[in-house]
A.B. asks: 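This is the structure, below, for whatever I ask next.
Note that the numbering runs from 1 along the sequence shown for the chain. Heavy atoms only: backbone and side chains are in, while hydrogens, waters and symmetry mates are out.
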Amino acid sequence: MEPPREIVSSDSIERHLRTPVPSDTRVLNTVAHGICVVDDEMQVVFANHRLMAQIGCSADALLGRPFSDLIAEDHREKVATWFDRGAGVEGDASIDAVRVRRCHGAPFDAEIAVNVSIDAGHSTRVVSITDVTARLRAQEAERRSQKLLEAHFNRTPVAVIEWRLDRSAARWNPAAEQMFGYRHDEVDGCDAFPLIVDESSRELVDRIWGALVSQTGGESCINTNRTKDGRIIQCRWHNTPLTDAEGRVIGVASLAEDITEALRAQRELSEANARLRRVVHKLPVVFWAFDENFVPVMWNDHAERVTGYAAERVIGNRDVFGLIYPDAEVRQQCMQGWAELDFGDYDDVERPVTCADGSVRRILWSNIAARCPVPGWRAWGIGIDVTDRHEAFTALRESERRYRDVIQKADLVGVIVDREGRITFVNDFFARLTGWSADEVIGSRWSEFLCRGGDVQDGGLFCFSNLLTHTEGSLMTKAGQRRTIVWTQSALHSSSGELAGACALGMDVTDHRRIQAELASHREHLEQLVAQRTADLAESQRRLEDAERLASLGRIAAGLSHDLGNMLLPVRCHLDTLEEADLDSSAVDSLRAVRKGVEFVEQLGEGLALLSGTNQRNSSEAAASPGECIRLAKWWEGVGPLLREVVPKSVSVCTRFDEDLPEVRLPTHLLTRAVMNLLVNAAEAIQRGGATTGRIDLAAGHDPEHSAVQIDVRDTGPGIPGEVARCAIEPFYTTKKRGLSTGLGLSVVDGIARLAGGSFRIEALAEGGTLARLTLPVALPRPTDHATPRVLVRIPDLRVAALCEELRRTMGCMILRGTIDGSVDYIVSTDAGLDVRARDSGPGEAPGRIAIDPSAGIAGIRETLARSIGGMENA
């Protein structure tokens with residue numbers, strides 16, 4: 001790279017530098033490289049703009065500093081030695097490869113030139129600093145490029161030669177040495193052409209060399225060359241004339257490639273193609289080939305014999321399809337079929353060909369160009385003359401047609417299949433029975449298309465390895481109906497005696513078998529009805545006995561609850577009076593023990609009241625109203641903090657209430673008490689299992705199928721035995737010590753559930769723990785005050801009437817009760833203007849009456865009453 005061009009002369013610079021500090025610095029500031037002036041103490045007394053820009057420093061920060069501060073540390077000693085050696089000597093001096101510091105950033109490479117002037121014993125040094133970083137980078141890039149070019153020259157597998165005009169080799173790479181066997185020094189000082197050019201090509205090479213020197217050609221050629229060991233090789237040469245600045249040829253650059261093996265392979269390929277053509281012409285099949293433009297390029301001798309068209313008439317004929325397919329419609333069908341296959345591979349495509357004498361031969365064509373590609377052939381394949389076979393098959397089909405005419409008239413299912421199991425014929429009766437037309441099934445495999453019964457597939461119908469004369473199987477119709485067929489089948493043989501297929505005639509016995517099955521099923525059903533009716537009668541008798549026993553228990557429980565309340569009232573009054581008196585501590589403890597015993601008896605009385613279906617505190621109110629409508633999520637927000645307190649801190653309570661839960665109708669305090677009992681039982685079960693911690697899951701969900709809400713309480717305790725689960729809801733049953741429990745906790749929950757028209761059950765979980773499920777019916781809308789249509793329900797049986805009254809109340813009906821002729825009449829208020837008389841009568845009642853079957857139990861009676869309300873609401 002050239003140094004920066006100065007914009008003023010050197011004489012002008014020297015004239016302005018005669019003084020230690022030039023008075024006029026404008027000239028120095030116009031110089032294209034950095035200049036500074038150094039005094040005797042080697043301090044900088046002047047720096048031009050270019051130098052300050054190079055090192056990134058202002059004049060105030062530069063002037064007065066030692067010159068050595070401008071030099072990189074590793075070059076300071078070198079520069080100091082150089083300055084000392086030139087001290088006192090007037091004139092110019094220079095030093096290369098000096099690293100100059102920047103105030104900020106990395107140092108740069110520079111050349112330094114110094115002019116020393118001595119005046120009155122004082123020396124002044126004017127230092128010129130030129131940045132040569134770019135020049136050094138360019139030199140480095142040139143060296144790398146030269147190195148890469150040299151590596152390519154030495155490693156390329158192509159011979160690279162640079163010829164002088166005397167045809168000696170100025171450059172000769174290792175590939176050339178390996179190709180021709182001569183070292184560079186053997187071809188450097190002499191004409192190398194006689195060494196590497198065979199005599200047969202010397203005249204050609206001389207003409208090429210003359211064209212290259214005169215720049216009239218010779219850039220590419222193929223020569224016969226000779227190696228040092230006497231081998232003859234064929235080489236492809238690429239030549240380029242080398243010229244000087246005036247355009248005169250000063251040499252030739254050549255690239256040589258040994259193509260001996262490639263030419264040998266090409267010759268062998270040509271010979272193989274020739275042999276292939278000879279073989280193809282001798283093949284006993286029609287052989288053809290088309291080029292990329294679908295022009296015939298091959299038509300063998302057998303093709304000439306079959307069609308009568310000579311190869312000269314076919315090869316190169318662009319209208320060959322019009323020649324062998326003169327009928328335009330047939331030709332169009334053939335071309336369309338080939339186009340759909342994209343002229344790719346296909347096998348066994350039969351086409352009729354019109355021969356030269358006008359006869360028609362049937363040829364079975366196969367194209368195998370994709371599987372065996374041949375250069376220059378777009379499509380090629382073979383054809384087999386199947387005219388004789390086609391005529392034989394035509395005769396066979398005619399024989400089969402006559403056979404089919406025979407079985408077509410039979411009122412049996414007729415099917416014929418070939419050796420591969422493909423359907424070749426079905427009669428009209430088959431079509432009427434199955435719904436499949438002949439066109440839909442012919443050509444399909446019998447086992448895949450129509451058989452759906454394992455007995456047919458395994459038993460022998462059209463099973464050629466074991467062709468049974470008689471067999472039975474099933475046949476699937478188009479509509480999906482299964483038909484049972486009894487088959488008779490026989491084998492079909494070709495004219496040569498080979499197995500060609502089978503024929504089967506079948507009788508449809510589906511209806512006959514169905515009637516037999518229906519008779520057997522009817523007999524079985526009658527037996528089941530008798531057994532079921534007997535069981536139902538026994539169950540009804542048991543339910544009546546259970547209902548009478550529960551009614552007796554309820555009346556006893558109600559009386560006991562009432563008597564206990566009357567007995568405990570004065571006791572509670574006296575206890576309240578005694579608590580206000582001034583008693584000593586022992587008396588207070590005794591009083592508390594008595595009150596605890598009273599509270600225990602009160603709990604026992606309340607449990608008995610719930611078992612009887614009434615509420616001791618306000619039985620008339622409970623009978624008049626079944627409770628308010630409760631939204632469980634909102635109810636839990638109010639009572640949840642309180643109910644959590646009955647559970648030990650070591651047991652966590654997790655709640656989940658489904659969104660949009662319907663309301664239930666139940667007194668709030670009864671629902672709270674039921675859930676509290678369940679939580680207490682769950683916590684005690686966890687503690688009885690010995691666990692220090694546990695978990696109770698309280699969840700509520702909607703059961704739309706039964707129009708109910710389910711409240712589940714699950715614990716992580718040891719579970720509950722089956723016998724305990726069955727007896728847990730019985731009154732006074734407990735697994736704890738008497739005195740710690742009344743044995744009425746779960747009985748009370750069951751009584752609350754029955755009071756609301758629901759149910760309660762408890763069971764052990766397979767994964768451990770116990771599930772207690774309280775099922776409450778969804779609350780029906782209350783009747784409005786302005787709509788008072790009445791339904792008269794008359795039930796002579798007072799026990800059933802009381803049960804219906806309670807169920808109607810839980811359904812949201814207003815009840816007005818009275819007694820007429822020993823029967824109970826009560827008014828059911830609904831939103832419909834329809835009076836319905838209901839009583840416990842059997843079937844056959846006049847319209848407008850509801851029949852109630854007491855043996856159906858509470859669930860059955862409730863369902864009957866619910867239907868009556870639904871009927872009135874839809875009226």
A.B. asks: Does a side-chain heavy-atom distance below 4.5 Å link Leu678 with Phe760?
C.D. replies: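 Yes; the side chains approach each other to less than 4.5 Å.
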
A.B. asks: Could you tell me if the side chain of Trp635 sits less than 4.5 Å from the side chain of Val675, heavy atoms only?
C.D. replies: yes

A.B. asks: Would you say Thr775's side chain and Gln710's backbone share a donor-acceptor pair under 3.5 angstrom?
C.D. replies: no

A.B. asks: Please round to the nearest 0.5 Å and tell me the distance separating atom CZ of Arg761 and atom CG of Leu771.
C.D. replies: 6.0 Å

A.B. asks: Counting C-beta onward and ignoring hydrogens, is there a side-chain heavy-atom pair between Leu774 and Val709 closer than 4.5 Å?
C.D. replies: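 Heavy-atom side-chain distance check fails, nothing below 4.5 Å.
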
A.B. asks: Please round to the nearest 0.5 Å and tell me the distance separating atom OG of Ser707 and atom NE2 of His702.
C.D. replies: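 Nearest 0.5 Å value for the OG-NE2 distance: 6.0 Å.
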
A.B. asks: Could you tell me whether a side-chain N or O of Arg631 sits under 3.5 Å from a main-chain N or O of Leu661, the two making a donor and an acceptor?
C.D. replies: yes

A.B. asks: Do Arg644 side-chain atoms and Val653 backbone N/O form a donor-acceptor pair below 3.5 Å?
C.D. replies: yes

A.B. asks: Within this structure, what is the CG-CG distance for the pair Leu666 and Leu776, rounded to the nearest 0.5 Å?
C.D. replies: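 Going from the CG atom of Leu666 to the CG atom of Leu776 covers 6.0 Å.
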
A.B. asks: Give me the atom names and distance for the closest heavy-atom approach of Pro777 to Ala756.
C.D. replies: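 So the minimum-distance heavy-atom pair works out to CG-O, 3.1 Å.
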
A.B. asks: On a heavy-atom basis, which atom in Thr477 and which in Thr434 lie closest, and how many Å separate them?
C.D. replies: CB-O, 3.3 Å

A.B. asks: Say whether, by atom type as modelled, one donor and one acceptor occur between the side chain of Asp703 and the main chain of Ala708 under 3.5 angstrom.
C.D. replies: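 Side chain of Asp703 to backbone of Ala708: no pair is present.
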
A.B. asks: Can you measure from SG (Cys654) to CZ (Arg714) and round to the nearest 0.5 angstrom?
C.D. replies: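 Atom-to-atom, Cys654:SG and Arg714:CZ are 13.0 Å apart.
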
A.B. asks: Kindly check if the number of other-residue, nucleotide or ligand heavy atoms within 6.0 Å of CZ (Arg695) is above 12?
C.D. replies: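 12 or below, so no.
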
A.B. asks: Is any side-chain N of the basic residue among Glu518 and Arg514 closer than 4.0 Å to the acidic one's carboxylate O?
C.D. replies: yes

A.B. asks: As an exercise, state the distance from CG of Asp712 to CG of Asp697, rounded to the nearest 0.5 Å.
C.D. replies: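 Asp712 atom CG to Asp697 atom CG measures 10.0 Å (nearest 0.5 Å).
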
A.B. asks: Taking all non-hydrogen atoms of both residues into account, name the closest pair between Pro718 and Ala685 and its distance.
C.D. replies: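 Heavy atoms of Pro718 and Ala685 come nearest at CD-O, 3.3 Å.
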
A.B. asks: For Asp658 and Gly701, which heavy atoms make the closest approach, and how far apart are they?
C.D. replies: OD2-CA, 3.3 Å

A.B. asks: Can you name the nearest heavy-atom pair linking Ile696 to Ile686, along with the distance?
C.D. replies: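 Here Ile696 and Ile686 meet closest at CG1-CD1, 4.0 Å.
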
A.B. asks: At what distance, to the nearest 0.5 angstrom, does OG1 of Thr770 lie from CG of Asp715?
C.D. replies: 4.5 Å

A.B. asks: Do Leu671 and Ile752 touch side chain to side chain, with heavy atoms closer than 4.5 Å?
C.D. replies: no

A.B. asks: Quick check on side chain to side chain contact (heavy atoms under 4.5 Å, CB included): which of Glu524, Arg523, His522 does Leu526 satisfy it with?
C.D. replies: His522

A.B. asks: Regarding Arg513 and Asp511, does a basic nitrogen lie under 4.0 Å from an acidic carboxylate oxygen?
C.D. replies: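 Asp511 and Arg513: not salt-bridged.
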
A.B. asks: Taking all heavy atoms of Thr510 and all of Thr484, pick out the closest pair and write down the distance.
C.D. replies: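 Nearest pair, atom of Thr510 first, then Thr484: OG1-N, 2.5 Å.
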
